[in-house]
Number of protein chains: 2
Amino acid sequence: MTRASSRRPGPPTRTERGIPEATVARLPVYLRALTALSDSGIATASSEDLATAAGVNSAKLRKDLSYLGSYGTRGVGYDVEYLRYQIAREIGVTQDWAVVIVGIGNLGHALANYSGFGTRGFRIVALLDADPNLIGERIGDMEVRDFAELEDIVKADRVSIGVITTPAGPAQGVCDRLVAAGVTSILNFAPVVLSVPTGVDIRKVDLSIELQILAYHEQRKSGEAALPQVPELPAMNGLTDLPSVGGGVGA
Amino acid sequence: MTRASSRRPGPPTRTERGIPEATVARLPVYLRALTALSDSGIATASSEDLATAAGVNSAKLRKDLSYLGSYGTRGVGYDVEYLRYQIAREIGVTQDWAVVIVGIGNLGHALANYSGFGTRGFRIVALLDADPNLIGERIGDMEVRDFAELEDIVKADRVSIGVITTPAGPAQGVCDRLVAAGVTSILNFAPVVLSVPTGVDIRKVDLSIELQILAYHEQRKSGEAALPQVPELPAMNGLTDLPSVGGGVGA
DNA sequence: TAGATTGTTAATCGATTAACAATC
DNA sequence: TAGATTGTTAATCGATTAACAATC
């Protein structure tokens, strides 16, 4: 990766590089912790309180917050509401981002019903699938629409975020269509590595990878009690790669 | 975190520290890439081929593989099947790990139906919920069972991995029960920070955090086209934290 | 042998952490 | 003022990368 031209040594500075990636990934965690504290009626919290609520140590939390500015008061702590707003603003979730979900299989259904999406910051504007059997189905207060409508919807609703919940097979094709339509951020649940042009951000959620990481550590936990089982039945699980989650887009 | 006593400088060595975390997290990606190559009938692949398939650069891939041993042939590359087996063995997915899913709401349903779980390495042995309306429901070839049976199931099936797909509220309680029952690895989908004793591994999958990370970068992409929308409708999305995914365990 | 590619080294980069001066 | 807590510094740690000697 090429870096910006002249960098002096030392930690990244905000104006040059923005906020470090590791910090960006924790800001939503802090936001949630602050919301929980706020809901508990707590108006002020120290970095120690906040760190506990977020599951990190306080040095890291203070360092992270220092990239945003100086929003605390020495000797006192942080005003919960104020800091919450500042973090929400920094992340960019003080307004709503329009989201489309492509691939309305099991997982797509679950996400469509997921009230957490509707939480401040995101708004599902369309559920899309290419399977005629699914088009028209009602899910909550939405209806599954034809994937062919993608371009119109992205344009009409200024969609910048797409969620892919198709099987692995059609995922790259769907991704290409999303990008061509103008979507510049993608959250991919399909078990496949997608390639996107520069300027498009992509993140991946992969259940079986998470489980395999756990399995690695599990295997290393001493011996006896935690050993995996040899299947008693003739294995009905193939040696093939992860098959489909989600619906029939393009399949 | 305390470290092992006497460490000389230099990269971590395998016998002292096992494989670096960043490498462990990529091994499942390599495994999937190898499976895809194998399915395409490719018998040998260079680090460059493999790296492309896995979405990393070849230097990183070779460095990662070097922690496992020397499984390649200079001038030739890697035998796809052989390397695949070695990685599967290192991760610990040459045998099946028994998994329970707790909380059979939308997401729990989706995971229960998710054929990817059945893929080599994991076997769902129970779907659990505390909601009497859900207990007894059939999902695929399984039936939802009472969460009260947890301890018996963990013991009988030597379950070491638990997946939590309950709402945030009951998640810590469920987690405590899992740990008390002997589960030592947990994959948490509930939007809450869980605390577990030392020796228990926990990983978290959080949809709204992933979206917020995308939103941050989206916000920073120049101006115009990608600006979020101000909702036209009176916002039906509260300012509260992420509400529930999943079923009614303990709620 | 000549060409190709691995496995490893060493430099660089980015993230974490403890400690503490600044300051409420 | 005395106690508390932030914001920042500097040291350490871990991860990435380019380069290349080893070797097929």
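When reading the values below, keep in mind they use all heavy atoms of this one structure, side chains included, and skip hydrogens, waters and symmetry mates. Chain identifiers are assigned alphabetically (A, B, ...) following the order of the sequence lines, protein sequences preceding nucleic acid strands; residue numbering begins at 1 within each chain.
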Under 4.0 Å between a side-chain N/O of [X] and OP1 or OP2 of [N], yes or no?
X: Ser47(A); N: dT6(D); answer: yes
X: Tyr78(B); N: dG7(C); answer: yes
X: Arg26(B); N: dT16(D); answer: yes

[X] [atom1] - [N] [atom2] separation (whole Å):
X: Leu83(B); N: dG7(C); atom1: CG; atom2: P; value: 9 Å
X: Leu65(B); N: dT5(C); atom1: CG; atom2: C1'; value: 13 Å
X: Asp49(B); N: dT5(C); atom1: CG; atom2: P; value: 8 Å
X: Arg74(A); N: dT5(D); atom1: CZ; atom2: P; value: 14 Å
X: Arg62(B); N: dT9(C); atom1: CZ; atom2: P; value: 14 Å
X: Leu61(A); N: dA18(C); atom1: CG; atom2: P; value: 14 Å
X: Lys60(B); N: dT6(C); atom1: NZ; atom2: C1'; value: 19 Å
X: Asp64(B); N: dT17(D); atom1: CG; atom2: P; value: 11 Å

Discussion item. What's Ala59(A) touching, base or sugar-phosphate or nothing? Going by heavy atoms closer than 4.0 Å.
Written reply: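 Contact class for Ala59(A): base.
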Discussion item. What's the closest nucleotide to the side chain of Lys63(A) if the choices are dC24(D), dT9(D), dT17(D)?
Written reply: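 Closest nucleotide among those given: dT9(D).
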Worksheet item: Do any N or O atoms from the side chain of Thr35(B) and from the backbone of Leu31(B) form a donor-acceptor pair under 3.5 angstrom?
Response: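 Yes, Thr35(B) side chain to Leu31(B) backbone: donor-acceptor pair under 3.5 Å.
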Practice prompt. Applying side chain to side chain donor-acceptor pair (under 3.5 Å), name anything that partners Lys60(A), two or more places apart in sequence or on another chain.
Written response: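 Listed in chain order: nothing, the list is empty.
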Worksheet item: In dot-bracket, 5' to 3', how would DNA chain C read with Watson-Crick or G-U wobble pairs under 3.5 Å, [ ] for crossing ones and | for pairs to another strand?
Response: ..||||||||||||||||||||||
Worksheet item: In terms of the nearest nucleotide of DNA chain D, which residue is placed more toward the 5' end: Gly77(A) or Asn57(B)?
Response: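 Closest to the 5' end, via its nearest nucleotide, is Gly77(A).
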